[in-house]
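Here's the structure, in C-alpha cells; my notes come after.
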Amino acid sequence: MNAPTFGPTSYHPTKGERTSLEIKDFNLWYGAAQALFDVAMDVQVGMVTALIGPSGCGKSTLLRSMNRMNDLIDNLRINGAIRLEGDDIYGPAIDVIGLRKRMGMVFQKPNPFPMSIAENVVYPLRVDGVTDRALLEQTVERSLKAAALWDEVKGRLKENALGLSGGQQQRLCIARAVAGDPEVLLMDEPCSALDPIATAKIEELIDELRGNYTIIIVTHNMQQAARVSQNTAFMYLGRLIEYGDTKRMFTNPIEARTQDYITGRFG
Amino acid sequence: MTTETLTAPSNAVAARRRRTFGSDVSASGEPAQWALGGALALGIVLIAGFLLLVFWNGVATFFPKPIVALTLTDGSTIAGPIRRSEEFRVPPNELASLPPPVQALIRDDGGMAERQLIQIGNFDLYNEDFRWVPSYLVAGASRPRDLVLMERLEWGPFVGRVKQVVEDGRPLADGDPLPTGLDAVHRKARDRWQQIRRIERGDIGVVNHDIDGIRLEVRRLELRHGPDHERVVAARRAAEPELARLRTQYDTLAAEARRLRQEDARTTITLADTGGREKSMRLSEITRFVPANDLSLLGALGVYFDRWGEFLADEPREANTEGGVMPAIFGTFVMTLMMVLVVAPFGVLTALYLREYARQGRIVAIVRISVNNLAGVPSIVYGVFGVGFFAYLVGGSIDQWFYAERLPSPTFGTGGILWASLTLALLTVPVVIVATEEALSAVPRSVREGSLACGASKWQTIKYIVLPRALPGIMTGLILAMARGAGEVAPLMLVGVVKLAPELPMDGFFPFIHLERSFMHLGFHIYDVGFQSRNSEAGKPMVFVTTMLLIGLIFVMNLAAIVIRNRLKRKFVGAQF
C-alpha cells in the first residue's frame with residue numbers, strides 16, 4: 001500500500017454570496033506538537049459548514065482558532081492566516097474582544113451562567129455596557145425566539161438558568177450566542193451532551209438560523225452533518241482532506257479516506 | 001493463529017480471580033472501614049467530651065448552691081456553699097494531733113481522708129475566700145434558712161445573716177430571713193449608686209473630655225506657631241470663658257455626686273457571720289441577696305437568670321472574677337468583624353492576581369509555597385511583628401503627624417483594636433488566599449470560555465462570572481479565618497488587649513468609633529481570670545462560663561456566615577446539568 005499523501009485540498013464548495021472566513025495555509029502547534037497542517041478553506045457566508053473527522057483530527061482546534069479561543073493556551077504557535085470578511089484575525093491590528101463580538105460560540109457542554117435566563121441572554125450586551133431596558137427586553141425576546149426557547153421560558157425569565165433542562169440550556173446558549181448579533185456562529189459539537197429529542201430541536205434550529213448567520217459546526221455525527229450542512233469539511237490527522245458540497249461529499253467523495261470515514265471503516 | 005493466542009482466555013488468570021474473589025480481607029476493605037469509622041468516633045468523642053465539660057460547668061455556675069453551716073470539733077462554725085470535695089493524704093504532724101479513734105479510722109483508710117472546699121466568703125474578715133475542711137474536723141452540719149450569700153461590689157461575697165438594715169436612720173422591721181421591705185430599699189439604694197456612677201463616669205467624663213479638647217486645641221496651635229505667637233495667646237484668651245463655664249459645670253456635678261454619696265451613706269446594713277462577727281457597710285455596696293437555703297425552684301431560677309443578665313450586660317469587677325464580660329464580648333465581636341473586613345479584600349485580591357493574572361511559573365509557585373508556610377508561623381510572632389510594625393512604626397508615625405499635641409502619651413502609637421485587627425488579618429490571610437485560589441480554580445473552564453466567547457474581557461469575565469461563582473468557596477475561607485482569628489489570644493496580648501479596658505472602642509464622643517483604643521477580649525479574659533487573678537478558685541467557674549460564651553460567639557458568627565454562603569451557593573452554583 002502506498003504511503004498516504006496529505007495535501008491541502010479544497011474541492012470547490014457550494015458558493016454563497018461571498019466568502020465569510022478565509023483560511024489560508026493555517027498551521028498550529030501546541031508546544032512542539034503540530035496540530036494543524038496547512039489548512040485552507042473558504043467558509044461561505046450564510047451557509048452551514050460542518051467539520052467532520054475522527055477524534056483528535058483538529059476540527060475543534062480549527063474552530064477555536066477562528067475566534068482565538070486558543071489564546072488561553074500557553075505555548076501555542078501558529079502561522080498562516082484566517083480572515084473574517086477580509087480582516088486578518090491574527091493580524092497585529094486586530095482587537096480580540098472586538099473579534100469575538102463578531103462571532104458567537106456554542107460549546108460542547110451547555111454552559112449557562114449562574115444568572116437568570118434573561119441575564120444569560122443579554123450577557124453580550126451587558127459586557128458592551130448596554131443599559132437600555134427596552135433594547136434588552138427586545139433582545140431577550142428576539143434571541144429566545146430565534147433559539148426556539150421563547151415559548152418554554154417566557155413565563156420565568158427571572159428564574160435561574162441552571163434550573164433548565166440540558167436541551168433547554170443548550171438552546172439558551174444559542175440564544176446567548178445570537179443575542180450579540182454576530183456574523184458567524186461557531187458550534188463545537190453542540191448536541192453531543194443531549195438526548196435525541198433535544199438534538200432534533202437544535203438541528204431544526206440550525207436550519208432556521210441558516211441564511212442569517214454563517215454557521216460552522218463541529219460534529220461527530222455524520223448523519224447530523226448530512227442533515228444540517230450545505231458544505232462539509234473532512235479532516236484527518238490535522239489536515240483538511242476534502243471540502244465540498246455536503247450532498248456530493250456523502251454520495252460521491254473524491255478522496256478514498258473520506259469514503260472510508262463516512263462509510264464507517266475507521267474513526 | 002496469532003490472534004487466537006491473544007484472545008483465548010488465560011485459564012490461570014481466571015482461576016486466580018475466582019479463588020480470591022470475596023475472601024481476601026485486604027480487597028474487601030473491611031479493616032479500612034473499621035479504622036475510618038473508629039477515627040471518626042474518636043474525634044466525635046473528644047469533641048463531645050470537651051463541649052460537655054465546658055457546657056456542664058458553664059451552665060451550672062450561676063445556679064445558687066445551698067449554704068452549709070458546719071460546726072467544727074473545736075466548737076467554731078463556718079458557713080458557705082460547698083465548691084467540691086476530694087480525698088487527700090493527711091499530713092503526719094496533723095495526724096498525730098488527732099484523737100486516737102480518728103487516727104485509727106484514717107489509718108484504716110490508708111492514711112486518706114475526705115475534705116471539702118467551702119466558699120466561706122467574708123474576705124474582709126477572714127483574709128481568705130475558700131477553706132478546705134477535712135471531714136474528721138466536722139462535728140455537725142446544717143442548712144439554716146436565715147443564712148444568706150450576699151454579692152458585694154468589693155471584697156467578694158459575704159456569707160452570714162442580715163442583722164439590721166437602717167434607712168435614713170430608721171431601722172427596717174425584722175423579717176424571715178431578710179428584713180421586710182428590704183427589696184424596695186435595696187433597689188432604691190442601687191438606683192442611687194447607679195446615678196452616682198452616671199454622674200461621675202458619664203457627665204463629669206463629658207466635661208473632662210471638653211476641657212481636654214480645649215487644652216489640646218491650644219497645644220496644637222502652640223506646636224504650629226510657637227508658645228508666644230499672637231494666635232496662641234488669642235486662642236488661650238478665647239478659651240478662658242468656655243473653660244470657666246466647664247469648671248463651674250464640673251463643680252456643680254461634683255457637688256451633686258457628693259450630696260448623693262452622703263445620702264447613700266445614711267442607708268446602711270449590718271451583717272454578721274456565723275460566728276457572730278459583725279460588719280457594717282452601705283446597702284448600695286451589696287449587689288444581690290441570695291438566701292440560697294430559702295429559695296423555691298422558681299426563686300433559684302430567678303437568681304440564675306439575673307446572674308446571667310449581669311454577666312452578659314455588665315462590666316467586670318474584682319479583678320474580673322465577678323460582674324460581667326460585656327466589654328470583652330463587644331471587643332471580641334468588633335475585632336473579629338474588623339479583621340474579616342480587612343482580610344477579605346486583601347486575601348481575595350491577592351488570590352485573584354495569583355490565580356487569574358500571574359504567569360504560572362516558578363515565582364508564583366514560590367509565592368504560593370511561602371503563603372502556605374505563613375500559616376504555620378507561630379501566632380506570637382505575628383504579635384511581635386504587629387507591635388513593632390503597626391503600633392510602634394505606623395502608629396508612632398501617625399502620632400507624630402496627626403496627634404503631636406497629645407504626645408508623649410501615645411494615641412495610635414500603642415496597642416489598639418485597629419492594630420489587633422490588622423495583626424490578626426495578617427495571621428489569617430494565608431487561609432483566605434488558599435481557599436480563594438481553590439474556589440477560583442474550581443470555576444469550570446467552560447463557563448469562563450462561554451463568557452470570553454461572548455466578547456467579554458478577562459476582567460468582565462472575572463467580575464460577572466468567576467467571582468460570583470467562587471463566592472461560596474471564598475466565604476468558606478473567610479469562615480475558617482474568622483474562627484481562627486476569634487479564638488486567637490497570644491498575639492493580641494502584645495497588640496492591644498488589656499485586662500480591663502476603661503472605655504469601649506465605641507461611645508458617644510466624636511468620632512464615635514475609636515480604633516486606637518485598647519480593648520478586652522474573651523480569650524484573654526479566660527487566661528486572665530483563670531491564671532492571673534488573686535484568687536484562682538473564685539475565677540475557675542468564670543473560666544468555664546467565658547469559654548462557653550466564646551464558643552457560642554464564634555458559633556453564632558460562623559452560623560451567620562454559613563447561612564450567607566448557602567444562600568449564595570443556591571443562587572450561583574445551583575443544580576448543575
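Remember, predicted model here, so these are calculated numbers, not experimental data. Naming: A, B, ... by sequence-line order, numbering from 1 per chain.
With a 4.5 Å cut-off on side-chain heavy atoms, B:R469 and A:P114 count as touching.
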* Asked: Going through the distances and angles, do B:C454 and A:R176 end up as a side chain to side chain contact (heavy atoms under 4.5 Å, CB included)?
  -> CA-CA 8 Å; B:C454 283; A:R176 186 175 71 196; 3.8 Å; yes
* Decide side chain to side chain contact (heavy atoms under 4.5 Å, CB included) for B:I465 and A:M115; before the verdict, give the C-alpha distance in whole Å, the side-chain angles of both, and the deciding distance to 0.1 Å. => CA-CA 9 Å; B:I465 306 294; A:M115 314 167 171; 3.6 Å; yes
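When all heavy atoms of A:M69 and B:A453 are compared, the pair lying nearest together is CE-N, 4.0 Å. Contact detail for A:V127 and B:A456: the closest heavy-atom pair is CG1-CB, 3.6 Å. Closest heavy-atom contact between B:T461 and A:Y123: CA-OH, 4.1 Å. Scanning all heavy atoms of the two residues, the minimum distance from B:E449 to A:F107 falls at OE1-CE2, 3.5 Å.
For A:R68, no part lies near chain B; criterion is any non-hydrogen pair under 4.5 Å. Contact of B:R445 with chain A is made through the side chain alone, with heavy-atom distances under 4.5 Å.
Summarising the geometry, atom CG belonging to A:L72 is positioned 9.5 Å from atom CZ belonging to B:R448; distances are rounded to the nearest 0.5 Å. Remark: A:R100 CZ to B:L452 CG distance equals 5.5 Å, nearest 0.5 Å.
In B:F385, the CZ atom is crowded: over 12 heavy atoms of neighbouring residues, nucleotides or ligands sit closer than 6.0 Å. Heavy atoms from other residues, nucleotides or ligands lying under 6.0 Å from CZ of B:F333 number 12 at most.
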